[in-house]
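Heads up: the structure comes next, in structure tokens.
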Amino acid sequence: MHASSRTGPPGTYDVLVVGGGVIGLVTAWRAAQRGLRTAVADPAPGGGAALVAAGMLAAVTELHYGEQELLALNLASARRYPAFTAELEEASGQETGYRACGTLAVALDADDRAHLRDLHALQLRCGLDAQWLTGRECRRLEPMLAPCVRGGLRVDGDHQTDPRRLAAALLTACERAGVALHRAAAARILLDGDRAAGAELADGERILAGQTVLAAGSRSGRIAGPPDEVLPPVRPVKGQTLRLRVPEAYRPFLSRTVRAVVRGGHVYLVPRENGELVVGATTEELGWDTTVTAGGVYELLRDAHELVPGLTELPLVETSAGLRPGSPDNAPLLGPTALPGLHLATGHYRNGVLLTPLTGDVMAEVLTTGRLPEEARPFSPRRFTEPAEPAPAPPSSFRSSPHDRQ
Ligand code: GLY
């Protein structure tokens, strides 16, 4: 499909994006830049899970076994961040808080150390840059760390941005690029024969569009209209975060993101240049609940205090909870669905902020050309709806290797 001119009947667009979080906004901004008449439907655009997120760009430190394809996507997006930030800041006239500060992942006891050693081995096998440090070397880098730190991984390529400023800048960039903002929730996807044709909003307005992108985070699977098998299998995964303030006199309190696994839970401290210190995050499978709980706040502060004892002296200025859009394989769903005219940009789970630049590029490409870029093909929504191609049979000499049973 070719980009059309910016004229057309009112309420009719080339592209309607359902959801105005960072993923929906970056999709709309990039689509509008390519000349597509674009609208966003969201009661509060610029909101969503990013308002709670800490903004780590942690492709290397959040690597997991079996997620090498996702790693490639995450790294591709991380590489785009500097140029993306410069372009977005220019387009919006707003700063986004991108900070190339690196990350230090530390171990507090022998179990944590073993876990971190495993992660390091996996990182090296994947060709990633991560350096093992002794506890003393960790404390030399970050003097506020607890004396009991047993070692750590220095990852100079895992940076941060400020998701709240990112969302605000994307909203302004969308407005400046001519994206129409419909400040109401989408109640259902409209169908025209066998095609998606836009959405009806909660206030009754009907927005017609040649292509519709469902980018409503964890709520993307709940919208009426499309057949059930087309809707994304996303679920809400609650995360609670805290915001502390580092007074001028204590700065720099931490110079980079510091993280650890404590009692099996991840805790991370993300220091901003403006003195904000974000502590995250819980991971809770509790449906749609977004209550900030005493237990969540207690556990985050307890674990963060073990890591950096001086942190309890800082003012606690905010507690918040949001919902990550989890998918069955922890990876996003990007591109066309089996319903013509309906695309997905959701399921980013722990990597929504990290994957924002790449998602914008991928979705703009598919919306203008109909083709999903090569790097995004493993993340097509169709991986959950179409049977996988059978794997080729291994050579006979491999069939009964003793390693298969280990
Ligand atoms: N990527 C950090 C989190 O989801 O908590």
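Heavy-atom basis, side chains included; hydrogens, waters and symmetry copies ignored. Both counts, for ligands and for their atoms, begin at 1 and track the order of listing. Quantities reported herein were computed from a predicted structural model and do not represent experimental measurements.
With Gln160 contributing its side chain and Pro271 its backbone, the two residues share a donor-acceptor pair below 3.5 Å. Within the 3.5 Å criterion, the main-chain N or O of Val149 finds a donor-acceptor partner in the side chain of Arg139.
Cation-pi geometry between Arg154 and Trp132 is not satisfied (NZ or CZ under 6.0 Å from the ring centre, within 45° of the ring normal). No cation-pi contact links Arg235 to Trp288, judged by a cut-off of 6.0 Å to the six-membered ring centre and 45° from its axis.
Side-chain atoms of Thr359 and His348 form a donor-acceptor pair, as typed in the model, at a separation below 3.5 Å.
Contacts of ligand 1 (protein heavy-atom distance under 4.0 Å) are Met56, Glu62, Tyr268, Ala281, Arg324, Arg350.
Classification of the Tyr81-Tyr98 ring pair by plane angle, with boundaries at 30° and 60°, yields parallel.
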